[in-house]
Amino acid sequence: MSVDIGIIGLAKSGRTTIFNALTRGKADTESLTQQIGIAKVPEPRLKTLADMLHPKRVVPAEVRYLDIGASVKGLVNDKAISGQFLTQLSTADALINVVRAFTDESIPHPEGSLDIERDIATIDLELAFSDLALLERRLERIGISLKGAKQPERQGLLQEQEMLMKVKADLEKDVPIRELKLTTGEARIIANYQFLSAKPLLIVVNIGEEQLPQAASLEAELDSHYSRPKCRIITLCGKLEMELAQLDESVAEGFRAEFGIRESGLDRTIKLSYELLGLISFFTIASGEVKAWSIQDGSDAHKAAGKIHSDMERGFIRAEVISYDDLVKCSNLSEGRKKGLLRLEGKSYIVQDGDVITFLFNV
Ligand SMILES: Nc1nc2c(ncn2[C@@H]2O[C@H](COP(=O)(O)OP(=O)(O)O)[C@@H](O)[C@H]2O)c(=O)[nH]1
Ligand SMILES: [Mg+2]
């Protein structure tokens with residue numbers, strides 16, 4: 001199970017270019033069909049573990065990116081195509097909105113001019129429209145159900161109705177669902193709907209190569225406007241990143257240094273996506289394989305076992321846990337066991353970032 005991120009934005013903003021940069025893909029930027037690609041999550045601790053333990057295989061965690069191809073503008077009104085794309089986006093864990101900042105006379109901007117703030121607002125509005133349509137359908141159905149409903153079903157429906165009306169009023173005031181302060185119970189109900197404006201949003205401002213010297217100051221300026229709950233904004237040179245993604249890492253590093261880029265766009269994007277989603281990493285070492293896994297911060301060992309295999313979750317007995325730092329000090333698991341640094345934990349143990357876990361289970 002990987003993390004799914006949907007790439008959206010206006011036409012010609014550079015979505016496919018950025019998709020290629022993130023997935024080291026070669027998708028045709030002229031193509032309007034949807035693309036799915038995989039990126040390996042950069043995790044330096046995985047390399048340290050591999051160098052130390054010499055496993056047969058090293059398996060990083062993965063992020064799946066979806067480029068839906070179609071522009072998100074007007075999608076909700078175009079019933080014929082909206083259904084398919086909205087369904088795909090609704091299952092994503094987070095969204096990336098690619099906003100055009102590069103200038104190129106030969107590639108006309110669909111809105112006729114360059115305007116970062118306008119384009120961000122346009123997409124926010126589209127997400128809100130999509131959610132409002134879904135809210136209205138649900139409220140209509142609740143209205144019908146209420147006519148024949150008896151207690152205690154009635155009570156539940158009324159509660160849901162009240163909450164959805166509140167969400168609707170906020171959306172109409174341009175407050176996306178991701179910014180609402182919800183109780184755990186409310187958040188659970190909302191999660192069932194997979195609203196688009198509830199998803200963490202990373203805004204990627206796609207700058208041209210000639211804008212690279214101003215990238216940091218532009219980013220700082222945008223950040224002061226758009227760094228809101230569950231929303232972050234970064235500048236990235238999509239075209240250059242796409243070209244660098246095709247090169248050997250060491251060669252790409254050299255070019256990056258020349259351009260004054262400190263970290264690859266892929267690394268930054270994934271790191272921010274993980275932050276937005278509240279994900280942490282844990283590791284497993286078994287059958288000659290060292291693997292990295294991603295899990296929501298605050299998850300217990302039982303859930304972590306389920307990430308790996310449903311059998312492991314069902315037949316969970318115990319988890320043997322050592323922190324990454326302790327393991328590196330001991331250089332292997334048996335040494336860690338001898339030193340008493342390997343802990344036995346039960347189902348409800350809260351997994352910590354960097355834990356190295358061996359699950360004991362029966363099937
Ligand atoms: N000059 C320039 N062109 C770019 C840049 N990023 C993307 N493009 C070009 O803009 C066009 C549209 O990009 P594409 O990724 O297909 O956009 P999409 O329609 O959002 O998928 C392509 O011809 C890209 O090569 C950039 O940073 N600078
Ligand atoms: Mg495209």
Side-chain angles (χ1 to χ4, degrees), residues 4-39 64-75 78 81-82 84-86 88-89 92 94-127 196 201-219 222 233-247 252 255-256 258-261 263-266 268-269:
D4 279 314
I5 299 182
I7 301 176
I8 58 173
L10 297 176
K12 304 287 175 204
S13 57
R15 291 159 302 161
T16 304
T17 305
I18 293 206
F19 169 86
N20 283 338
L22 295 174
T23 60
R24 298 183 198 281
K26 296 193 172 95
D28 183 359
T29 53
E30 294 303 310
S31 145
L32 293 177
T33 56
Q34 62 144 354
Q35 320 276 349
I36 292 175
I38 293 194
R64 244 164 41 128
Y65 288 101
L66 165 73
D67 170 10
I68 65 166
S71 168
V72 170
K73 184 161 186 196
L75 203 58
D78 193 345
I81 55 164
S82 67
Q84 174 203 346
F85 291 123
L86 292 180
Q88 283 174 330
L89 287 178
L95 298 175
I96 287 181
N97 176 17
V98 178
V99 180
R100 174 159 166 181
F102 71 87
T103 42
D104 191 328
E105 302 272 295
S106 67
I107 306 164
H109 189 297
E111 303 290 303
S113 64
L114 210 65
D115 188 334
I116 297 173
E117 289 190 28
R118 176 202 58 208
D119 291 352
I120 291 175
T122 300
I123 297 298
D124 281 344
L125 206 60
E126 291 295 331
L127 300 182
L196 297 183
L201 178 70
L202 179 63
I203 304 171
V204 173
V205 176
N206 184 19
I207 58 172
E209 241 167 74
E210 66 291 350
Q211 291 166 289
L212 271 171
Q214 294 93 48
S217 61
L218 176 63
E219 191 170 294
L222 289 167
I233 190 161
I234 55 168
T235 56
L236 213 80
C237 181
K239 205 169 171 191
L240 178 65
E241 293 286 349
M242 173 173 133
E243 285 158 8
L244 294 180
Q246 309 296 340
L247 303 175
F255 278 113
R256 257 184 222 114
E258 244 169 73
F259 283 105
I261 304 174
E263 201 179 9
S264 85
L266 164 64
R268 286 195 76 201
T269 309

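Order of appearance sets the numbers: ligands from 1, and atoms from 1 within every ligand.
Closest to atom 16 (O) of ligand 1, if we only count protein heavy atoms, is T29 O, 2.9 Å. Scanning the protein heavy atoms around atom 19 (O) of ligand 1, the nearest turns out to be K12 N, 2.8 Å. In terms of protein heavy atoms, atom 26 (C) of ligand 1 is closest to F102 CG, 3.4 Å. Nearest protein neighbour of atom 17 (O) of ligand 1, counting heavy atoms only, is G14 N, 3.1 Å. Scanning all protein heavy atoms for the shortest distance to atom 6 (N) of ligand 1 gives N206 ND2, 3.2 Å. Scanning all protein heavy atoms for the shortest distance to atom 7 (C) of ligand 1 gives T17 OG1, 3.5 Å.
Between T235 and Q214, the closest side-chain pair of non-hydrogen atoms is not below 4.5 Å. Looking at heavy atoms from C-beta onward, E126 lies out of side-chain contact with N97 at the 4.5 angstrom threshold.
Ion pair E241/R268 not flagged as a salt bridge, since none of the NZ, NE, NH1 or NH2 atoms sits closer than 4.0 Å to an Asp/Glu carboxylate oxygen.
Shown here are the protein N/O/S atoms lying under 2.8 Å from the Mg ion (ligand 2), water excluded: T16 OG1.
Of the listed options I107, L240, I207, I207 places a heavy atom closest to atom 27 (O) of ligand 1. Of the listed options H109, R15, E30, E210, R15 places a heavy atom closest to atom 18 (P) of ligand 1.
At least one heavy atom of S13 sits under 4.0 Å from some atom of ligand 1.
Between the side chain of R118 and the backbone N or O of S113, at least one donor-acceptor pair lies under 3.5 Å. In this structure a side-chain-to-backbone donor-acceptor pair under 3.5 Å is present from N206 to G238. Looking at Q246, its side chain does come within 3.5 Å of a backbone N or O of G25 through a donor-acceptor pair. A donor-acceptor pair under 3.5 Å is absent between the side-chain atoms of D119 and the main chain of V99, judged by distance alone. Not one N or O on the side chain of Q35 forms a donor-acceptor pair closer than 3.5 Å with the backbone of D67.
Under 4.0 angstrom from ligand 1, the non-hydrogen atoms of D104 all belong to its side chain.
Cation-pi contact between R15 and F19: absent, since separation from the ring centre below 6.0 Å together with deviation from the ring axis within 45° is not met.
Atoms of ligand 1 found under 4.0 Å from any heavy atom of L10, numbered from 1 in the order shown, are 20 (O).
Judged as a salt bridge (charged side-chain N to carboxylate O under 4.0 Å, His left out), the pairs with a partner in residues 17-27 (not counting sequence neighbours) are, in order, R24-E249.
In this structure, the separation between NZ on K239 and CG on D104 is 6.5 Å, given to the nearest 0.5 Å.
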